[in-house]
Amino acid sequence: MFPQDPFSGAPDALVPPHSGAPSAASPLLAHLNDEQLAAVTLPAGHALILAGAGSGKTRVLTTRIAWLLQNGYATPGGILAVTFTNKAAKEMVARLSAMLPVNVRGMWIGTFHGLCNRLLRAHHKAAGLPQSFQILDTQDQLSAIKRLCKQHNVDEERFPPKQLSYFIASCKEEGMRPGDVPTHDSDSRKKVEIYQLYEEQCQREGVVDFGELMLRSYELLRDNDPIREHYQRRFQHILVDEFQDTNKLQYAWLKQLAGNDVGGRYEARGSVIAVGDDDQSIYAFRGARVGNMTDFVREFDVQRQIKLEQNYRSYSNILDSANHLISHNSRRLGKNLRTTQGAGEPVRVYEASSDLAEAQWMVDEIKQLVRNDGFERKEIAVLYRSNAQSRVIESALFNASVPYRVYGGLRFFERAEIKHALAYLRLLENPHDDTSFTRVVNFPPRGIGARSIEVLQDAARAAGCSLHDAVSAVPGKAGANLGAFVAMVDVLREQTQGLNLRGIIEQMLESTGLVEHFRTEKEGADRIENLQELVNAAESFVTQEGFGRDAVALPLDEHGTPLIQSVQSPVSQGLDPNAPVLDEPLKPAVPGIVDADTGETLSPLAAFLTHAALEAGDNQAQAGQDAVQLMTVHASKGLEFDCVFIGGMEEGLFPHENSASDRDGLEEERRLMYVAITRARKRLYLSHSQTRMLHGQTRYNIKSRFFDELPEAALKWITPKQQGFGSYAPSFATHSGAGSAYGSSARGQFGFKSETFASPPVPAQKAAPSHGLRAGIAVFHTKFGEGKVLAIEGTGDDARAQVNFPRHGTKWLALSVAKLTVVE
DNA sequence: TAACTTCTAGTTTTT
DNA sequence: CTAGAAGTTA
């Protein structure tokens with residue numbers, strides 16, 4: 001059945017039967033549908049699982065692992081499961097420990113970055129890093145680059161640090177070191193030069209950024225045969241979640257773990273199972289390559305592909321809408337979700353006159369859903385394409401006293417006061433961390449200004465040492481102040497020797513004067529509270545899972561042979577699903593990260609700092625509250641709600657104007673819409689608005705093209721005929737007032753407005769163009785003044801004109817909304 | 001050094 | 001419009 005034995009060299013006992021009915025008697029496999037069962041009990045070999053939204057993907061992944069263990073096809077140590085987010089990794093661990101009464105110790109389950117971190121700590125020597133290297137987050141990386149630019153007199157106008165940071169991150173994602181980056185002009189040569197300098201700086205300071213974490217561990221595996229082969233031998237079963245989101249480097253990393261390039265031909269040892277959904281690929285903009293899915297099938301010679309198309313989440317009106325929409329994309333692997341649930345409520349579509357009116361409608365609707373239909377507020381989500389849209393909705397909810405929660409703000413470990421505290425802690429670990437040094441050298445203020453720091457930096461560069469070591473070279477008062485700072489940190493380091501993590505942090509908060517500083521600040525109370533929260537976070541980090549539970553990387557001897565043989569204990573032992581679950585608390589008995597060469601463990605402080613960098617923490621408090629959930633569509637991926645509102649369904653917004661120009665961009669927007677729709681279980685509401693405040697200007701948007709790609713039968717337009725009155729409705733009158741152009745005839749403005757505003761399922765009246773406009777004529781707009789019509793497009797409500805205004809540039813205006821008069 | 005003013009740009013984002 | 005950054009002044 002298989003062209004080559006994928007398990008060559010592996011113990012026979014680990015090979016699942018290539019055929020034969022799975023033991024359906026197992027309670028593990030109960031309640032799985034045929035597709036899921038097939039995926040869970042896949043025979044050895046590589047496989048691609050196309051898991052549609054709401055098809056029980058996580059369940060399949062975890063059950064697969066449990067099944068492998070239970071049947072003795074794998075040992076915990078032979079399993080590596082990789083995800084993108086900490087949340088997904090945690091969920092997998094949680095579900096797995098609920099399924100198996102055995103601890104998950106021994107399995108490598110984590111994010112790409114988390115696993116890379118573990119690998120690099122264990123083999124830091126081979127990777128050329130200090131054991132307690134620190135991790136730079138995006139903020140830290142940017143400030144490191146800024147510092148570098150200043151030092152090397154880089155013109156920040158021509159090379160904005162933000163752009164450089166993006167450039168460096170992209171290079172690393174492509175697997176390129178400075179020497180590998182093609183250069184064509186002086187600009188790109190300069191960028192590569194800065195990239196090189198940045199690398200040297202990081203190396204000197206003992207820090208790595210997120211990209212480096214991936215790239216360095218990829219290179220570690222690639223260039224170090226014993227280490228690579230050790231892990232290849234160990235991980236017989238590799239499972240990858242959200243495979244459609246992997247970038248080039250992550251895929252290459254997986255290939256290193258799974259097998260070798262043999263004379264241009266790729267031979268994978270273990271079994272790689274990639275789970276993903278090409279229709280939910282929404283991160284191409286940050287380097288994700290959906291193409292990895294087809295590459296995987298080709299390069300791993302994948303013999304088995306399973307589609308999970310049974311959806312357990314949504315009613316069919318919602319699902320039909322999703323299917324119909326996504327069918328407009330080309331280049332799909334092909335998948336159609338189905339459900340056994342009924343049609344459910346139609347998808348409701350609403351047209352508002354303004355963004356304010358749209359928000360108000362949402363609030364009214366939400367109140368009804370809660371009051372009349374008994375939905376919980378936390379089961380109602382409002383999704384939008386871009387963050388700017390949340391404001392109006394927030395204020396409408398606020399004014400109506402509806403509790404809400406906005407996702408996507410600053411996260412706990414990203415808060416300024418927390419970053420300051422962490423910087424001090426880092427300096428305790430590594431005095432040469434110049435990024436942390438500069439962050440807190442004058443915070444709280446201690447009379448060390450920009451001038452002093454400049455002098456210090458020059459001295460450090462001249463001596464080729466860290467800022468910490470260069471302090472003594474700075475003369476005068478500045479030098480004295482700097483000396484006092486360094487002495488304070490050094491004393492603190494002495495004082496905290498032997499203290500536990502909590503003690504270290506409390507001592508630090510005291511000695512550095514951080515808490516004292518915020519006591520005098522007006523907004524300081526919250527910050528002090530957060531610092532207290534940091535102590536709590538450290539406390540629970542030590543006592544809870546996380547620190548201590550993880551697998552120990554097997555130490556290797558100089559030939560790369562494991563010093564401790566992986567334990568081949570009878571796996572069946574303790575795997576009886578009916579066995580009582582041990583409820584002994586997880587103790588930090590075994591340190592999580594061990595040096596493979598020395599057996600040295602990472603200090604609790606270093607481990608906590610790693611944790612802080614890799615897991616920025618939940619954003620915003622009151623997570624448990626019964627509050628309406630507000631978030632971008634991107635942030636909603638992986639979540640589900642009873643009721644979902646998708647606002648701002650307008651051309652230019654969704655699909656976004658920056659993406660609508662090329663096909664790939666538009667297809668990603670469509671996938672984004674697909675993700676948004678499939679979040680809903682029971683009710684789905686779509687809305688668009690005729691006018692919207694954006695960048696301080698009123699924009700007139702026409703409704704999204706995506707409406708035309710939804711099945712008419714599943715939709716219901718609910719815009720009331722009377723809607724559009726009151727203060728929110730833009731007047732249809734011309735600039736000279738309601739009376740002149742249309743007149744307040746017998747028809748009355750009510751009748752007139754209702755027809756104009758209500759958006760019936762379209763083509764009802766396809767009357768001749770009533771606007772009387774054509775290209776070339778001059779028009780007047782109340783806001784923009786006089787302009788010239790360049791083009792007309794569409795009919796009826798969709799009609800819009802491109803007008804060039806001398807003062808405001810060329811704009812597309814929806815004629816059903818914009819106040820245009822023909823200039824005689 | 002800190003408070004104040006002016007300027008500018010403005011999708012999506014995890015690790 | 002409005003947040004964040006850069007520039008300016010006491």
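Owing to the predicted nature of the structure, the values given are computational and were not obtained by experimental measurement. The sequence lines fix the lettering, A, B, ..., with proteins before strands; numbering per chain opens at 1.
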*Please evaluate the base of dT15(B) for a donor-acceptor partner in the side chain of T138(A) within a cut-off of under 3.5 Å?*
yes

_Just to be sure I understand the rule, does G211(A) reach a base, reach only the sugar-phosphate, or reach nothing, if contact means heavy atoms closer than 4.0 Å?_
nothing

*Applying a 3.5 Å limit to both distances, which nucleotide forms a Watson-Crick or G-U wobble pair with dT12(B)?*
none

*Atom pair distance, as rounded to whole Å: OH in Y407(A) and P in dT13(B)*: 14 Å

*asked:* Regarding F84(A), tell me which of base, sugar-phosphate or nothing describes its non-hydrogen contacts under 4.0 Å with the strands shown.
replied: sugar-phosphate

*Please determine if a side-chain N or O atom of R286(A) lies less than 4.0 Å away from the OP1 or OP2 oxygen of dT11(B).*
no

*Check every nucleotide of DNA chain C for an atom under 4.0 Å from a heavy-atom of chain A, then give the first and the last such nucleotide from 5' to 3'.*
dC1(C) to dA3(C)

*Report the relative orientation of the aromatic rings in Y231(A) and W108(A); use parallel for angles under 30°, tilted for 30 to 60°, perpendicular for over 60°.*
tilted

*asked:* Mind checking if D137(A) touches a base, just sugar-phosphate, or nothing, with heavy atoms under 4.0 Å?
replied: nothing

*Determine whether the side chains of Y407(A) and Q629(A) contain a donor N or O and an acceptor N or O closer than 3.5 Å.*
yes

*Grab the CZ-C1' distance between F133(A) and dT15(B) for me, whole Å please.*
13 Å

*Within the structure shown, what part of the strands sits under 4.0 Å from A450(A) by heavy-atom distance: base, sugar-phosphate, or nothing?*
sugar-phosphate

*Between atom CG in L213(A) and atom P in dT14(B), what is the gap in whole Å?*
17 Å

*Okay, side chain of S281(A), backbone of D278(A): is any donor-acceptor separation there less than 3.5 Å?*
no

*Please check the phosphate of dT14(B) (OP1 and OP2 only) for any side-chain N or O of N86(A) closer than 4.0 Å.*
no

_Presence of N387(A) side-chain N/O under 4.0 Å of dT11(B) phosphate oxygens OP1/OP2_ = no

*asked:* Regarding I448(A), tell me which of base, sugar-phosphate or nothing describes its non-hydrogen contacts under 4.0 Å with the strands shown.
replied: sugar-phosphate

*Distance-only, no hydrogens or angles: does the E358(A) side chain make a donor-acceptor pair with backbone N or O of G648(A) under 3.5 Å?*
yes

*Grab the CD-C1' distance between E157(A) and dC7(B) for me, whole Å please.*
12 Å

_If you count every heavy atom of other residues, nucleotides or ligands that lies below 6.0 Å from K248(A) atom NZ, does the total exceed 12?_
no

